[in-house]
Asker: 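Please read through the structure below; I'll follow up with questions.
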Amino acid sequence: MLALLFIAQSATLFQAPHVQLGLRADGKPNQLSVVYQTTDDAPAYQVRYRQGTDWTTATQGPLRKIETTENPLHFVRTADFVGLKPGEAVEYEVLKDGTVLFKSSVVAPKSADQASRFIVFGDCAAGTPQQKLVAYQAAQQKPDLVVITGDIVYNNGRSSEYRSRFFPVYGASSTMRSVGSNLISTTLSVGAAGNHDTASFNTDKVSDGFAYFYYWNQPLNGPKLQPDMAKNVAKLTGANEETKSKFFSASAGRYPTATNFSFDYGNAHWVVLDSNLYADWTTAGLREWLIKDLDASKATWKFVAYHHPGFQSSKSHANDKQMRVLHDVFAQHGVDVVWQGHVHNYQRNFPMPASGKDLKDKDGMKANDWPLDREYDGVKVVKPKGVIYIVDGAGGAGLYNPELNDKPENWLPFTAKYFSVHSLSVVDLSGRTLKVSHKTPDGNTIDAWVIEK
C-alpha cells in the first residue's frame, strides 16, 4: 500500500481525505467514498483512482459549505469510487488544476468469499496521549475496516473538535506513537453516533455542533425520520434560525436519518444504530425497520454497532440500559455480536439467548436475571448459544472503574471478561470462523475468543 502523502500542504486542502462507505443509494458494496475538505469552492478540484494502470475520474457529489463562527470557512467534498475489484488496492489522488495535492491508497471492500479484518474501538477523540497510542496500534493491525462505537469526538461533537482532536490524530501525515496514524485516509471507517456526538445542539450556544452530519458520508438507508419529530431524532434547539439554516444546508439531508443505517462488508451484514436517549427503540417503526433489515440479509455473520451498552458491569453509566429492549430482536433474528462503547473500558459478556421478557415491563428490563450460556468460553467451546455483547469504549478517553479489574465477584452475572485499560478489538473473519484478539496500545493481547459456525 502506498504511504499517505501530502504532495503540497497548501492552504487549499483542509484535512487529509477520509475513506467512507458513501450514501450508497444503489446499495452496491463494491464502492467507496472519499470525503475531503477545501478552503475554497473552486471547481478545479478532481479526485481520480485506479486499480492497475488506468486512472478513472471519480464522480463528485454536491459541494457543501461549512460556515460557522468558531471555524474558518471550508467546504466538504465527496468523490465516489465505483466498480472496484474486491480486496485489491485502490490508488487515489486529489488534484487541483491538475496538480496533485494528496495521494494514498486503500483496499477495496472485500467480497463474501474473501477473508477480512476489522477493528473496533470507541470513545476516542478526547485529545489524550492514549488516543494517539490506540490510533497507532490500530494502523499496525492493517485492518480492512474500522468501526467506531460512538463518542467519536469530545466533548460536544463540534466541527472545531473534529479539527483539533479527530483529523490530526487519525488523518496524520505519518504513523507514530506520539502522533497517531493515517488510518482514515488508508482504511474504510464507519462511525456510530454517541451522546457526545449528537445528543444535543443548541444554536444559541455554538454554531458548529452536530458535526457528525457534516463529516460522515454513510448510507441513508435507515428509518426515514424527520427533524420535526417529537422523538427518535437528535435534538436541534435554540432560537438562532440563521445557524439552523446553515446547518440544514451543510448537512444536506443527513440530519436526522444518518444515525441509523446498514451495510455489507465481506460475508458480514452490519447494522449501526442510534442508541441515544432520544431514540426510543420500542417505537414500532424503528423496530420494524430493524427486523426487516436483519431478516433480509443472507450474510454468514450479522453484527450490530451502537454506543450505549445495555449489559455491562461498570458503575459508570450503570443506569443507561435503554438498549436492552432490543435484546430479543437480536437473539431471534440472527445477530452474532453487538459492539458498543460509552463505558470507557473493555467488557465481554457470556452469550445471551432470547429472554422472553415483556418489553413493557420496565422493572424486568432493569433486572439482571437474563439467561446466559456459561458453557461457551471462546477457546474450547466455540459455538455460542446467544448474542455476545462487547463493550469497546477504551479508545482514548479516561478509563472507567479500573478497581473492578480482576474482581469477578463484583461483576454483574452476564459479564465474562472485564479490562479497564485503553485497547481495541481486532477481528478476523474467514468463512464461518470469527477470531477476536483484544489488544492494548502496545499490541499485547488481553482477551482472545473464537466463534465457529
Side-chain angles (χ1 to χ4, degrees), residues 1-5 13 15-38 45-64 76-95 100-112 114-119 138-139 142-148 152 166-167 170-171 181-192 214-221 252 254 258 261-270 272 299 305 429:
M1 180 177 291
L2 290 175
L4 174 151
L5 180 62
L13 198 60
Q15 305 286 351
H18 185 177
V19 182
Q20 300 184 35
L21 288 164
L23 302 181
R24 297 200 175 199
D26 58 5
K28 292 181 179 178
N30 61 333
Q31 65 183 63
L32 294 171
S33 182
V34 169
V35 180
Y36 66 108
Q37 302 170 42
T38 63
Y45 291 92
Q46 181 186 58
V47 179
R48 62 182 188 177
Y49 62 98
R50 68 179 177 184
Q51 288 179 310
T53 58
D54 298 328
W55 290 99
T56 298
T57 300
T59 300
Q60 299 211 60
L63 188 70
R64 294 186 288 124
V76 175
R77 302 169 183 260
T78 60
D80 292 331
F81 303 172
V82 299
L84 302 177
K85 297 177 182 178
E88 295 187 13
V90 185
E91 296 179 58
Y92 70 93
E93 298 178 339
V94 180
L95 306 90
V100 177
L101 303 178
F102 178 94
K103 68 179 181 180
S104 186
S105 69
V106 61
V107 173
K110 298 289 186 69
S111 64
Q114 293 175 317
S116 64
R117 167 174 284 193
F118 65 88
I119 61 174
K142 295 180 171 53
D144 302 307
L145 171 69
V146 178
V147 178
I148 304 177
I152 301 166
F166 183 82
F167 293 116
Y170 305 109
S181 69
N182 54 22
L183 193 64
I184 61 172
S185 294
T186 59
T187 312
L188 170 64
S189 64
V190 173
Y214 294 155
Y215 300 134
W216 288 92
N217 198 43
Q218 302 181 132
L220 295 177
N221 58 2
R254 290 163 175 79
F261 59 94
S262 67
F263 66 97
D264 290 332
Y265 191 98
N267 64 348
H269 180 69
W270 285 85
V272 178
L429 280 182

Asker: Nearest heavy-atom pair of G191 and I152: which atoms, and what distance?
Answerer: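 Looking at all heavy atoms of both residues, the closest pair is CA-CD1, 4.1 Å.
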Asker: Q15 side chain to Q37 main-chain N or O, any donor-acceptor pair under 3.5 Å?
Answerer: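 It does not hold such a pair.
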Asker: Tabulate below the donor-acceptor pairs under 3.5 Å that side-chain atoms of residues 49-57 make, not counting sequence neighbours, or state none.
Answerer:
{"residue": "Y49", "atom": "OH", "partner": "V82", "partner atom": "N", "Å": "3.2"}
{"residue": "Y49", "atom": "OH", "partner": "V82", "partner atom": "O", "Å": "3.3"}
{"residue": "R50", "atom": "NE", "partner": "E91", "partner atom": "OE2", "Å": "3.4"}
{"residue": "R50", "atom": "NH2", "partner": "E91", "partner atom": "OE1", "Å": "3.4"}
{"residue": "Q51", "atom": "OE1", "partner": "K85", "partner atom": "N", "Å": "2.7"}
{"residue": "Q51", "atom": "NE2", "partner": "K85", "partner atom": "O", "Å": "3.1"}
{"residue": "Q51", "atom": "NE2", "partner": "E88", "partner atom": "O", "Å": "3.2"}

Asker: For the ring-ring contact (aromatic ring centres under 6.0 Å, His included) test, which of Y36, Y170, W216, F102 pairs with H18?
Answerer: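 Option passing the ring-ring contact (aromatic ring centres under 6.0 Å, His included) with H18: W216.
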Asker: Atom CZ of R254 and atom CD of Q218: how far apart are they, to the nearest 0.5 Å?
Answerer: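 Atom-to-atom, R254:CZ and Q218:CD are 10.0 Å apart.
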Asker: To check you understand the geometry: which heavy-atom pair defines the closest contact between L183 and A138, and what is its length?
Answerer: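 Result for this residue pair: CD2-CB, 3.9 Å.
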Asker: For residues N221 and S262, report the shortest heavy-atom separation together with the two atoms involved.
Answerer: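 Between these two residues, the closest heavy atoms are ND2-O, 2.9 Å.
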Asker: With rounding to the nearest 0.5 angstrom, report the CD to CG distance, Q20 to L188.
Answerer: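 The CD atom of Q20 sits 8.5 Å away from the CG atom of L188.
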Asker: Quick one: list whatever passes side-chain hydrogen bond (donor to acceptor under 3.5 Å, both in side chains) with R117, sequence neighbours left out.
Answerer: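 Listed in chain order: Q141, D428.
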Asker: Can you find a pair of side-chain heavy atoms, one from Y45 and one from L63, that are under 4.5 Å apart?
Answerer: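 The answer is no, as the side chains (C-beta and beyond) never meet within the 4.5 Å cut-off.
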Asker: My understanding is that only residues two or more places apart in sequence, or in another chain, count here; which of them pass side-chain hydrogen bond (donor to acceptor under 3.5 Å, both in side chains) with S111?
Answerer: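 With neighbours one apart ignored, the set is D113, Q114.
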Asker: Can you list the residues that meet the side-chain hydrogen bond (donor to acceptor under 3.5 Å, both in side chains) rule with D80, with sequence neighbours excluded?
Answerer: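 Applying side-chain hydrogen bond (donor to acceptor under 3.5 Å, both in side chains) to D80 gives S33.
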Asker: CZ of R24 to CG of D264: how many Å apart, nearest 0.5 Å?
Answerer: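 Interatomic distance, R24 CZ to D264 CG, rounded to 0.5 Å: 8.5 Å.
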Asker: Going by side-chain hydrogen bond (donor to acceptor under 3.5 Å, both in side chains), name the residues that satisfy it together with Y215, two or more places apart in sequence or in a different chain.
Answerer: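 Partners of Y215 under the side-chain hydrogen bond (donor to acceptor under 3.5 Å, both in side chains) test: H74, S159.
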Asker: Backbone N or O of Y214 within a donor-acceptor pair of the R64 side chain at under 3.5 Å?
Answerer: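 Pair found, side chain donor or acceptor close to backbone of Y214.
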Asker: Looking only at heavy atoms, which two atoms of S116 and D144 are closest? And how far apart?
Answerer: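 That would be CA-OD2, 3.3 Å.
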Asker: Do S185 and Y92 have side-chain heavy atoms sitting under 4.5 Å apart?
Answerer: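 Side-chain contact under 4.5 Å: yes.
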Asker: Looking at T186 and N182, what are the two nearest heavy atoms and their distance?
Answerer: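 The pair with the smallest heavy-atom distance is OG1-O, 3.1 Å.
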Asker: Run the ring-ring contact (aromatic ring centres under 6.0 Å, His included) test against F118 and tell me which residues pass, sequence neighbours left out.
Answerer: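 By the ring-ring contact (aromatic ring centres under 6.0 Å, His included) rule, F118 matches W270, F303, W339.
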Asker: Given 3.5 Å as the limit, does a donor-acceptor pair link the side chain of R48 with the main chain of L95, or not?
Answerer: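 Flag not set: sc R48 to bb L95 has no pair under 3.5 Å.
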Asker: Just how far is it from atom CG of L21 to atom CG of L32, taken to the nearest 0.5 Å?
Answerer: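 Atom-to-atom, L21:CG and L32:CG are 8.0 Å apart.
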Asker: Looking only at non-hydrogen atoms, find the nearest pair between A112 and N267 and report the distance.
Answerer: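 Nearest pair, atom of A112 first, then N267: O-CB, 3.4 Å.
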Asker: Would you indicate whether the side-chain heavy atoms of V34 and V19 approach each other to under 4.5 Å?
Answerer: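 Sidechains of V34 and V19: in contact.
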Asker: Starting at CZ of F263, measure out to CZ of F261 and round the result to the nearest 0.5 Å.
Answerer: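 Separation between the atoms: 6.5 Å.
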